[in-house]
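I have placed the structure first, in the form of structure tokens, so that the comments after it can refer back to it.
The sequence lines fix the lettering, A, B, ..., with proteins before strands; numbering per chain opens at 1. None of these values were measured; they are calculated from a predicted model.
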2 protein chains.
Amino acid sequence: MQAALSITAKKSALPTAIPLRNDSAHAAHTACSDCVLGKLCLPQLFVTMPFDVMSAHLNTLVRSNKAVLHRKDTLFHQGSNFDALYVVRTGAIKTCLTDANGDTSVTGFYFPGDIVGLDGINTGRHTTTAVALDTTSICTLPFAALEKVASQVPDVQRHVFRIMAQEIQKEQRRLLLLSRKSAEQRVAAFLLQLSRHSSQRRLAADSFKLPMSRMDMGNYLGMAVETLCRIMTRFERQQLLQSDGRGVCAVDLDGLQAVFDSAAE
Amino acid sequence: MQAALSITAKKSALPTAIPLRNDSAHAAHTACSDCVLGKLCLPQLFVTMPFDVMSAHLNTLVRSNKAVLHRKDTLFHQGSNFDALYVVRTGAIKTCLTDANGDTSVTGFYFPGDIVGLDGINTGRHTTTAVALDTTSICTLPFAALEKVASQVPDVQRHVFRIMAQEIQKEQRRLLLLSRKSAEQRVAAFLLQLSRHSSQRRLAADSFKLPMSRMDMGNYLGMAVETLCRIMTRFERQQLLQSDGRGVCAVDLDGLQAVFDSAAE
DNA sequence: CGTGCATTTGACTACGCTCAATTCCGGTGG
DNA sequence: CCACCGGAATTGAGCGTAGTCAAATGCACG
């Protein structure tokens, strides 16, 4: 599952997402970080585009750059009308899906740079509920506008395709994780994934926040809360991590990787 | 036990795998109206478009209308270059994903009208391997051409978005299934899904083929083959289904739905 | 008409769930 | 500022579902 990531990861892990070419490009870059999506969104959305082109489109697209959610605020509800995608700037979001039997499961966590709301594209209604796990600021991308730009600018179209395909791949990896790995391996994989995400954002790879509750985490990983807790404390006893509750979590990457790889067969 | 023959009866020993090129647009068009993408693909790809507009685009898109795969032939390999999407016309396809530890899981089954290969859009390489479960004919949609048409025709663009979003939703439902439902419920849900798919194609809702092996089925549902077998025989004892091995399977829809709903919490 | 793989069934085991009891922590009011 | 409350987190004990191992049977293909 990490092998598959390595390709996309490298792209966005470059020192600065896009190399600066000249003064004008630099100017565009400044404008962009000032008022629009900011650097965070670059890796996801506009990686291959020249800066000036990109920022021109950005200005067309972004409706708001300062929406702020507080803990437990919902960004959209399951069943509500879909009209925009959202880019997380800071904080964190979880998405939940409730089925006909009332069973609810956490379908994803979204961190700075991630795009939330793709699920609504199909039917025009959101199939999940998005909730802030923390104080979170987001950008809004009205989808109609995005579609329009996408049809005018092939690169944008392609990137929307890619972003969606990425989501599909993410889900596939998670499916493989849930269906074929032990609870211990799943937790290890989850922490490694957060670590990777953290280092992609130029933050420490071995120390990051766990903004979600244990319940959410367990639910996301398809196990009971108790099981998750036990595994976390076991990992702590084995010096694989040091956790401060919901606070920062420092991990032994190699150790966790070993856990993940072990018991392969 | 009876309808199955109509599909398998076509034993024409056609050469395989490598798509044939259509020289003339006219040929493509005719073939198209006949049954190429035919009605099967309409629901998925061109639902909202007038027929004449649609078929004009189809001519641009469809490279081959008669690629035939036999049992165990692969349509594409994990890691191979992505350059086209494929529409299943008849038969069935499974996609498999192998992770770094060599663990393989079946990520999906695709039936007539379904579109295979979306996973490759992100990186330009397929992340799964697609294998025919049966004699299967497919259409090839070169992705570059599709992108081009999509950027010229907003409706097409929107439909590609939708198809991808649909895939995301499908995976999400499966995730919920795997992480929160018992093995029994998962099997019931799987059979109900096949039933729905079958009736969508105007075929009997309560009787359909199971073209995949028990192993594939179990793998797909995240359980051991033995578990799957036991559940199948249990269902049979309970008159919830009548199975002819890999052949046709007749099911009691209400009964299965009851199993699925039961044990809600 | 065998050979080899897929399927089925059985016996046993274990991983992870449930139920239950504390403990921890953040928020709230006195 | 402290005591209190409620939910989250942790820990423990026992059980059940589904996995593993093993053997028997069925089935397709040469």
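Between B/Asp99 and A/Arg173, none of the side-chain N atoms (NZ, or NE/NH1/NH2) sits under 4.0 Å from a carboxylate O, so this pair counts as no salt bridge. Salt-bridge check for A/Asp114 with A/Lys170: failed, with every basic side-chain N at 4.0 Å or more from each acidic carboxylate O. A/Glu171 has no carboxylate O lying under 4.0 Å from a charged side-chain N of B/Arg174, or vice versa, which leaves the two without a salt bridge.
Across the protein-nucleic acid pair, B/Gln185 atom CD and D/dG16 atom C1' stand 15 Å apart, rounded to whole Å. Atom NZ in A/Lys181 sits roughly 19 Å away from atom C1' in D/dA18 (whole-Å rounding). Nucleotide D/dA18 holds its C1' atom 18 Å from the CZ atom of B/Arg214, rounded to whole Å. Distance, A/Leu221 CG to C/dC17 P: 11 Å, rounded to whole Å. Atom-to-atom, CE of A/Met217 to P of D/dT10 comes out at 10 Å; the value is rounded to the nearest Å. The CG-C1' distance, from A/Leu178 to C/dG16, rounds to 14 Å in whole Å. When rounded to the nearest whole Å, the span between CE of A/Met212 and C1' of D/dA9 equals 16 Å. Remark: C1' of C/dC24 and CE of A/Met215 are 17 Å apart, rounded to the nearest angstrom.
The 5' end of DNA chain C is approached more closely, in terms of each residue's nearest nucleotide, by A/Ala183 than by the other of A/Glu226 and A/Ala183.
Here the two rings, on A/Phe190 and A/Tyr220, have centers that are under 6.0 Å apart.
Panel note: side chain A/Asp261, backbone A/Ala258; no donor-acceptor pair is recorded below 3.5 Å.
Shown for residues 227-242 of chain A: residues whose heavy atoms fall under 4.0 angstrom of DNA chain C, namely A/Thr227, A/Arg230.
As judged by a 4.0 angstrom heavy-atom cut-off over every strand, A/Gly218 is placed among residues making no nucleic acid contact.
Each of A/Thr107, A/Asp119, A/Thr95 was compared with A/Thr128 under the side chain to side chain donor-acceptor pair (under 3.5 Å) criterion, and only A/Asp119 meets it.
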